[in-house]
Amino acid sequence: MSETGTQSEAGTADGPRGDAIRGEALGSAPVPLSVLDLVTVGSGSTASRSLATSVELSRLAERRGYHRHWVAEHHSMPGVASSSPAVILAHLAARTRRIRLGSGGVMLPNHAPLVIAEQFGTLEALAPGRIDLGLGRAPGTDGATAAALRRTDTLHEGADDFPEQLAELTRFLDDDFPDGHRYARIHAVPGPVQGPKGRPPVWLLGSSGFSARLAGLLGLPFAFAHHFSARNTIPALDLYRQSFRPSAVLDAPYTLIGVGALAADDEREAYRQVLTGALSMLRLRTGRPGLIPTPEEAEAYGFSPMEREFADDWLANVVYGTPDAVREGLDELRKRTGADELMLTANVHGGEARLRSYELVADAYAMPRLA
């Protein structure tokens, strides 16, 4: 089936449901639900434990009918262990068999396009038909770390650089540089030079209008970071839809939004958990990044008035509470934005709380337990 197939395709026991881009809504969920994973590391824990939790999460998501599990690229953040998405995705691919896996996203300016084409060509060979390549143009870190990653003090994130990098990456993925091009005899391996094969669909990610417009003009699916740029969500989605031009990839716009969401057995526990994420973000934004604090540490923290305002503003865009409250909040958000897919992220201290949340959300929507 082409990438423009419909959601009616049920998939098989060993393959993802839906087509290469669109998912299938299960249970009473209004749209497909997915997972965004930063592999968060809480105080008192380790990266090894967090990576083990990501495996548990991917298996749980597959079992409960979540459509995809994406891993985000971040650097120099002690509380986030997802600096190498391709490595983590290979690990997850070996331990799952149906759920789609991808990057949410790879920050393309940090890497040579050929490297990304070969990494994701390898992932596609390891898990055929299950890999997504989500791309962003931000560094996923501070300027000094970005300079260290790129080995230059000149950070290329302008209006011209990212489209050029994207075009180069796409040509490596398709192995179709024109004759006479300086890269015409260079092949991304694994890739089409070895014979006809599928390749990961490319998504553009964004938190403003730049990638929204570009994704629309190229006819690509678009994922928006509502979880940290909520004020820009509807303008960016509107711009994407207005700019959209049908392509060989999509005949109509397809939008996904990242949503901070945490369900717990009671409202009090949900608040205790999401406050850890708010405090962690406050520390990051004020130049004090660290491990995700415990609920006890977050409750005991002495917020100044300005810090409390930041935390309250942050939590205002997180859907949290009992399972019924989270379901209602997600339904309202989906209705308000018209998003075609909701990708839930729960960046809180404990792995158990995260796993419990995804289970409770699935239950709230009566999503089936798949074999």
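Atom CZ of Arg288 is surrounded by more than 12 heavy atoms from other residues, nucleotides or ligands within 6.0 Å. Crowding of Glu296 atom CD: a count of heavy atoms from other residues, nucleotides or ligands under 6.0 Å exceeding 12. Counted within 6.0 Å of CD on Gln194, heavy atoms from surrounding residues, nucleotides or ligands total more than 12; the atom is thus considered enclosed. Arg213 CZ: 12 or fewer foreign heavy atoms inside a 6.0 Å radius.
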Begin from the C-alpha positions of Ile21 and Leu250 and carry the test side-chain contact (heavy atoms from CB on, under 4.5 Å) through to its verdict.
CA-CA 9 Å; Ile21 293 175; Leu250 281 175; 3.9 Å; yes

Pair Ser207-Phe228, side-chain contact (heavy atoms from CB on, under 4.5 Å): steps then yes or no:
CA-CA 8 Å; Ser207 57; Phe228 66 80; 3.7 Å; yes

With side-chain contact (heavy atoms from CB on, under 4.5 Å) as the test, would you mind laying out the steps for Thr337 and Ile234 before giving the verdict?
CA-CA 6 Å; Thr337 62; Ile234 291 177; 4.3 Å; yes

Take Glu73 and His111 through the side-chain hydrogen bond (donor to acceptor under 3.5 Å, both in side chains) test and state the conclusion after the steps.
CA-CA 12 Å; Glu73 177 186 344; His111 312 278; 3.1 Å; yes

Between Arg241 and Asp340, does the salt bridge (charged side-chain N to carboxylate O under 4.0 Å, His left out) criterion hold? Intermediate values first, please.
CA-CA 12 Å; Arg241 293 168 183 139; Asp340 299 298; 5.3 Å; no

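No side-chain heavy atom of Leu282 sits under 4.5 Å from any side-chain heavy atom of Trp314. Inter-residue side-chain proximity for Phe210 and Arg137 is flagged as met; some heavy-atom pair is nearer than 4.5 Å. With contacts defined as side-chain heavy-atom distances shorter than 4.5 Å, the pair Leu237/Phe222 qualifies. Under the 4.5 Å side-chain criterion, counting only non-hydrogen atoms from C-beta, Met367 is in contact with Leu33. With a 4.5 Å cut-off on side-chain heavy atoms, Ser211 and Leu205 do not count as touching. The closest side-chain heavy-atom distance from Leu333 to Val259 is below 4.5 Å.
Checking side-chain atoms of Thr276 against main-chain N and O of Gln273 turns up a donor-acceptor pair under 3.5 Å. Here the side chain of Tyr358 pairs a donor or acceptor atom with the backbone of Leu344 at under 3.5 angstrom.
Nearest heavy-atom pair, Val39 versus Ser54, reported as atom, atom and distance to 0.1 Å: CG2-OG, 3.6 Å. Heavy-atom minimum distance, Tyr365 versus Pro30: CE2-CD, 3.7 Å. Among all heavy-atom pairs drawn from Ala325 and Val319, the shortest one is O-CG1, 4.5 Å. Nearest heavy atoms, His226 versus Ile257: CB-CB, 4.2 Å. For Pro221 against Val249, the heavy-atom pair with the smallest separation is CD-CG1, 4.2 Å. Taking every heavy atom of both residues into account, Leu38 and Ala72 meet most closely at CD1-CB, 4.0 Å.
Going from atom OG of Ser83 over to atom CG of Asn110 covers 11.0 Å, rounded to the nearest 0.5 Å. We find the CG-CG distance between Leu123 and Leu92 to be 10.0 Å, quoted to the nearest 0.5 Å. Taken to the nearest 0.5 Å, the CG atom of Leu57 stands 8.0 Å off from the CD1 atom of Ile99. Separation of atoms CG (Leu275) and CD (Glu297) is listed at 10.5 Å; rounding is to 0.5 Å.
In summary, Arg336 and Glu332 engage in a salt bridge, as defined by a charged side-chain N under 4.0 Å from a carboxylate O. Using a 4.0 Å cut-off between charged side-chain N and carboxylate O, Arg369 and Asp363 make a salt bridge. Under 4.0 Å is where a charged nitrogen must lie from a carboxylate oxygen, and between Arg171 and Asp174 no such pair does. Checked for salt-bridge contact, Glu299 and Arg268 meet the test: a charged N lies under 4.0 Å from a carboxylate O. Salt bridge status for Asp324 with Arg327: present, with a side-chain N to carboxylate O gap under 4.0 Å. Under the 4.0 Å criterion applied to side-chain N and carboxylate O atoms, Arg68 and Glu341 are assigned as salt-bridge partners. Between Asp132 and Arg199, no side-chain nitrogen of the basic residue sits less than 4.0 Å from a carboxylate oxygen of the acidic one, so the salt-bridge criterion is not met. Remark: Lys197 does not engage Glu124 in a salt bridge, criterion side-chain N to carboxylate O under 4.0 Å. A salt bridge does not link Glu24 to Arg98: none of the charged nitrogens lies less than 4.0 Å from a carboxylate oxygen. Electrostatic pairing of Glu269 and Arg272 counts as a salt bridge here, judged by a charged N lying under 4.0 Å from a carboxylate O.
Relative ring orientation between Phe177 and His181 is described as tilted, the plane-to-plane angle lying within the 30° to 60° band.
When each of Phe120, Trp70, Phe224 is checked for a ring-ring contact (aromatic ring centres under 6.0 Å, His included) with Trp203, only Trp70 meets the rule.
Val106 and Val115 are not part of a single hydrophobic cluster, where members link through side-chain heavy atoms under 4.5 Å apart. When hydrophobic clusters are built by joining Ile, Leu, Val, Met, Phe, Trp and Tyr residues whose side-chain heavy atoms come closer than 4.5 Å, directly or via intermediates, Val326 is grouped together with Leu315.
For Tyr183 and Phe172, the gap between ring centers is short of 6.0 Å.
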